[in-house]
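Below, chain A is the first sequence line, B the second, and so on; all start at residue 1.
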Amino acid sequence: MEELGRHVDLYPYGYDRTHTSCELRDQEEALTASETVVRYPGRIMAKRGTGKTLFVPVWDGEGPIQAYFRKDDLGEEKFRLISKLIDIGDWIGVEGTLFRTRTGELTIAVKDFTFLAKAIRPLPEKYHDLSLENKSRRRYLDLAMNLESRTRFRTRSAILREIRSFFDGRDFLEVETPVLQPLYGGATARPFTTHHNALDMTLYLRIADELYLKRLIVGGFERVYEIAKDFRNEGMDRTHNPEFTMLECYAAYWDYHDMMDLTEDLVRTLAVKFGDEGSLTYGGHEMDFTQPFRRITFMGALAEAVGRDLMPLATDEIAAIAGEKGVELKPGMGRDKILDELFSLLVEPDLIQPTFVMDHPRELSPLAKAHREHEGLVERFELFVAGFELANSFSELNDPREQRRRFLDQKALLEAGDDEAQRLDEDFLQAMEHGMPPTGGMGMGIDRLVMLLVDTNNIRDVLLFPHMRPEDAPGAGA
RNA sequence: GGGCCGUUAGCUCAGCCGGUAGAGCAUCGGACUUUUAAUCCGAGGGUCCCAGGUUCGAUCCCUGGACGGCUCACCA
């Protein structure tokens with residue numbers, strides 16, 4: 001290091017690149033014929049010396065190009081410096097002409113080279129994958145070592161770009177609403193809590209965007225969407241990270257049927273773009289998105305699974321059936337909660353092909369509008385794919401009087417000890433009292449969507465920096 | 001939060017019945033002028049996750065803790 005540092009600048013300020021690795025490959029013929037001198041920067045990923053020559057694969061953002069150092073070309077001193085002092089992991093720029101070795105590898109015959117950044121820690125070993133923990137904890141190493149990993153995250157980016165283009169093309173306005181909220185709402189979940197010093201007040205990290213986006217509908221924006229991080233203070237596992245990305249969209253004058261058409265259109269568009277002609281393989285399941293998505297009702301699917309219509313039954317009768325089917329009944333579970341558990345157990349696992357489940361029981365959906373025909377139900381749908389919920393949508397409740405009653409019901413649940421019950425948001429109610437047009441709304445979990453499209457069963461594979469406990473936790477070893 | 005499994009060199013991993021530890025890659029020294037996981041010769045590198053306990057002796061057995069993986073519960 002010291003010896004090297006005396007000779008050259010190890011951390012210069014830039015490098016004038018003439019070609020990327022892709023461009024070198026694409027323009028090989030012309031560049032080789034004209035013996036053009038190219039300048040190519042990247043990271044050294046291996047080092048193979050044969051005495052008075054040295055072969056060094058140099059990777060840029062897209063892939064490798066081999067650099068070839070030859071003593072006769074560089075001179076005794078420079079060749080010695082290079083072959084001794086460059087290491088795997090270093091960033092260098094090489095200048096020279098393009099040729100193919102006799103084994104057919106596209107290679108730059110190096111005339112000159114510069115360090116761009118000297119690595120003082122080694123890259124991990126290249127024959128085995130990093131452990132899952134190290135991949136997640138030190139994503140930079142995963143990305144440095146695995147082209148598939150880079151590709152997966154590029155795909156995630158492309159999916160988000162496609163979603164934005166989909167909504168932009170349908171006159172939806174992309175907006176940003178607060179992450180820090182004095183009151184959280186729009187979903188049932190425990191929040192992260194923080195504190196604003198100057199105002200000396202408690203603030204919450206949002207668990208959903210819903211109530212702010214609806215305020216915008218009240219304000220007169222007819223179509224809005226937001227792609228944003230939400231935060232939920234719940235357990236972490238293969239499909240849950242404390243912060244995750246959610247898409248929410250709202251359209252004035254729409255009901256949940258309109259929203260269902262939009263959702264189907266969006267998901268099909270993505271499946272066509274990122275799948276194999278509109279079909280996707282996920283966890284060994286083959287799914288076809290080209291056909292119209294199946295549409296079933298919540299109670300209808302349950303009736304089929306149980307063998308009888310549960311709608312007319314009283315709570316204790318439903319509880320008895322649920323108990324028989326293996327639902328773990330807890331005290332305080334209402335009728336709709338039991339139905340929901342029964343549905344999760346009996347119906348959801350079989351919803352592999354894209355399926356809309358419609359018209360849910362009312363209690364589970366405090367922000368959805370009552371069903372226009374069926375007492376006790378709301379106008380809601382969930383989209384299931386590969387057995388998990390991908391999207392959730394309502395004809396949004398826009399009657400402020402009814403909304404207040406629903407909030408009061410939730411408040412009663414809260415006081416009864418349900419710490420996930422929704423809070424009464426007076427400011428939101430006041431907005432709604434000014435009049436919210438009939439509105440359709442939809443939310444979609446983007447991380448799960450990406451998991452589906454890239455066929456992985458671990459959310460950490462689609463999050464660049466998934467949440468991990470600190471390696472050196474306070475109190476470790478105590 | 002519960003259950004099961006794991007934590008050993010920079011990385012990926014072996015380590016038998018309790019006797020103070022190994023491989024490959026990486027690193028360092030040497031040989032080699034077209035290599036592809038280059039090859040060949042040689043060397044260095046360890047708080048065996050942490051704290052207790054049992055034992056003449058613990059990487060190994062026991063207890064507790066930390067972190068990780070799978071899984072169940074909760075949730076998206």
Side-chain angles (χ1 to χ4, degrees), chain A residues 1 44-57 64 66-74 79 83-85 87-89 99-107 109 119-138 141-142 144-145 186-191 207-208 229-248 327-328 330 337 340-341 344-345 348 382-384 388-392 418-420 443-452 457-460 466 468-478:
Chain A
M1 243 335 244
I44 297 175
M45 295 303 287
K47 197 177 157 188
R48 295 185 284 271
T50 67
K52 301 191 176 53
T53 67
L54 183 63
F55 293 90
V56 174
Q66 184 170 251
Y68 172 57
F69 298 84
R70 193 161 167 265
K71 193 174 194 171
D72 293 351
D73 293 342
L74 294 160
F79 184 79
S83 55
K84 289 281 181 206
L85 299 175
D87 287 313
I88 294 171
F99 75 106
R100 277 198 184 260
T101 63
R102 68 178 178 210
T103 50
E105 184 80 24
L106 189 62
T107 301
I120 58 175
R121 279 181 194 270
L123 285 176
E125 180 241 318
K126 55 194 172 231
Y127 316 129
H128 300 91
D129 228 359
L130 277 174
S131 59
L132 178 57
E133 180 181 359
N134 271 336
K135 277 189 189 188
S136 306
R137 246 187 231 291
R138 300 219 275 270
L141 292 180
D142 175 41
M145 300 306 293
T188 51
R190 280 184 291 266
I207 59 172
K229 285 280 183 73
D230 289 348
F231 305 84
R232 297 188 187 173
N233 209 336
E234 312 274 358
M236 296 158 52
D237 63 24
R238 227 179 48 230
T239 54
H240 297 87
N241 196 64
E243 57 180 288
F244 62 104
T245 303
M246 183 79 115
L247 160 72
E248 288 192 35
V327 171
E328 202 180 320
K330 290 176 202 137
K337 182 70 184 162
D340 191 44
E341 291 291 325
S344 301
L345 191 70
E348 277 182 26
E382 294 175 293
L383 172 61
F384 284 87
F388 62 75
E389 182 196 336
L390 198 59
N392 185 22
D418 180 352
D419 59 357
E420 291 193 347
M444 186 178 284
I446 294 302
D447 307 299
R448 291 198 172 169
L449 174 70
V450 176
M451 286 167 67
L452 185 74
N457 67 0
N458 197 324
I459 196 169
R460 283 157 55 174
M468 302 287 283
R469 289 181 209 232
E471 237 173 330
D472 299 309

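- When all heavy atoms of A46(A) and P57(A) are compared, the closest pair comes out as O-CD, 3.2 Å.
- Heavy atoms of L123(A) sit nowhere under 4.0 angstrom from any nucleic acid atom.
- Distance noted for atom C1' between A73(B) and G3(B): 11 Å (whole Å).
- R469(A) has a side-chain polar atom (N or O) that falls below the 4.0 Å cut-off from OP1 or OP2 of C67(B).
- Look at CD on E234(A): it is 14 Å from P on G1(B), rounded to the nearest Å.
- Residue contacts for D129(A): at a heavy-atom cut-off of 4.0 Å it reaches the sugar-phosphate backbone alone, with no base atom in range.
- For E125(A) and G24(B), a side-chain-to-base donor-acceptor distance below 3.5 Å is present, hydrogens and geometry of angles not being considered.
- The side chain of E389(A) has A76(B) as its nearest neighbour among C70(B), A76(B), U33(B).
- One can place CZ of F55(A) at 16 Å from C1' of A37(B), the figure rounded to the nearest angstrom.
- Between I459(A) and M451(A) the shortest heavy-atom distance is CA-SD, 3.7 Å.
- With contacts defined as side-chain heavy-atom distances shorter than 4.5 Å, the pair N458(A)/L132(A) qualifies.
- With G10(B), A76(B), C74(B) as the candidates, the nucleotide lying closest to the side chain of T188(A) is A76(B).
- One interatomic measurement links the two molecules: CE of M145(A) to C1' of A37(B), which rounds to 11 Å at whole-angstrom precision.
- In terms of phosphate contacts, N134(A) brings no side-chain nitrogen or oxygen within less than 4.0 Å of OP1 or OP2 of G68(B).
- The nearest whole Å value for the distance from the CZ atom in R48(A) to the C1' atom in A37(B) is 8 Å.
- Taking only side-chain atoms of Y127(A), from C-beta outward, the nucleotide of C25(B), U12(B), U33(B) with the closest atom is C25(B).
- Within the structure, a side-chain polar atom (N or O) of S131(A) is placed less than 4.0 Å from OP1 or OP2 of U12(B).
- Annotation: A21(B) and C48(B) have their P atoms spaced 10 Å apart (nearest Å).
- Residue contacts shown for R121(A) are absent, as no nucleic acid heavy atom lies under 4.0 Å away.
- Here the side chains of F384(A) and E382(A) are in contact, with some heavy-atom distance below 4.5 Å.
- Nucleotide C4(B) forms a pair with G69(B), judged by Watson-Crick or G-U wobble geometry with both contacts under 3.5 Å.
- One atom, CD of E133(A), and another, P of C70(B), lie 11 Å apart when rounded to the nearest Å.
- Annotation: G18(B) and C61(B) have their C1' atoms spaced 8 Å apart (nearest Å).
- Contacts of D230(A) with the nucleic acid, taken as non-hydrogen atoms under 4.0 Å apart, are absent.
- As rounded to the nearest Å, C13(B) and G52(B) have C1' atoms that lie 29 Å from one another.
- The residue Y68(A) sits close to a base: some heavy atom pair falls under 4.0 Å.
- In the set A76(B), U35(B), A38(B), U35(B) carries the atom at the smallest distance from any side-chain atom of E105(A).
- With a glycosidic angle more than 90° from 0, U33(B) adopts the anti conformation.
- For the pair R138(A) and C11(B), the criterion of a side-chain N or O lying under 4.0 Å from OP1 or OP2 is met.
- Note: CD1 (I44(A)) to P (A26(B)) measures 14 Å, nearest angstrom.
- Evaluation of atom-type donor-acceptor distances gives no pair under 3.5 Å for the side chain of T50(A) against the base of U35(B).
- A sub-4.0 Å separation between OP1 or OP2 of G68(B) and a side-chain N or O of R137(A) is present.
- Comparing P124(A) and V56(A) by the nucleotide of RNA chain B whose heavy atom lies nearest to each, the residue mapping closer to the 5' end is P124(A).
- Residue contacts shown for G49(A) include a base, since a base heavy atom lies under 4.0 Å away.
- Rounded to whole Å, the C1' atom of C11(B) lies 28 Å from the corresponding atom of U71(B).
- Within the 4.0 angstrom heavy-atom criterion, no nucleotide atom of any strand lies near F79(A).
- Remark: U39(B) base-pairs with A31(B). Criterion, Watson-Crick or G-U wobble with two distances under 3.5 Å.
- Per the geometry, CG belonging to L345(A) stands 13 Å off C1' belonging to C72(B), to the nearest Å.
- Across the strands present, G64(B) finds its partner in C50(B); the criterion is a Watson-Crick or G-U wobble pair with both atom distances under 3.5 angstrom.
- Toward the 5' end of RNA chain B, the nearer of the two residues A189(A) and H128(A), judged by each one's closest nucleotide, is H128(A).
- K84(A) comes within contact range of the sugar-phosphate backbone alone, with a heavy-atom separation under 4.0 Å but no base atom that close.
- Counting any heavy atom pair closer than 4.0 Å across all strands shown, D447(A) reaches no nucleic acid atom.
- At a threshold of 4.0 angstrom between heavy atoms, the contacts of K126(A) are confined to the sugar-phosphate backbone, with no base atom among them.
- Residue R238(A) has a polar side-chain atom (N or O) positioned under 4.0 Å from OP1 or OP2 of U71(B).
- Of the listed nucleotides (C32(B), U27(B), U34(B)), U34(B) has the atom at the smallest distance from the side chain of R102(A).
- Relative to the side chain of I88(A), the nucleotides U35(B), U12(B), A26(B) differ in distance, and A26(B) lies closest.
- Taking atom P on both C72(B) and U59(B), the two are 37 Å apart, rounded to the nearest angstrom.
- A donor and an acceptor atom sit less than 3.5 Å apart, one in the side chain of D237(A) and one in the base of C74(B).
- At the phosphate of C70(B), OP1 or OP2 sits under 4.0 Å from a side-chain N or O atom of N458(A).
- If you measure from atom CG of L85(A) to atom C1' of U27(B), you get 14 Å, rounded to the nearest angstrom.
- Separating the P atom of C28(B) from that of G10(B) is a span of 15 Å, rounded to the nearest Å.
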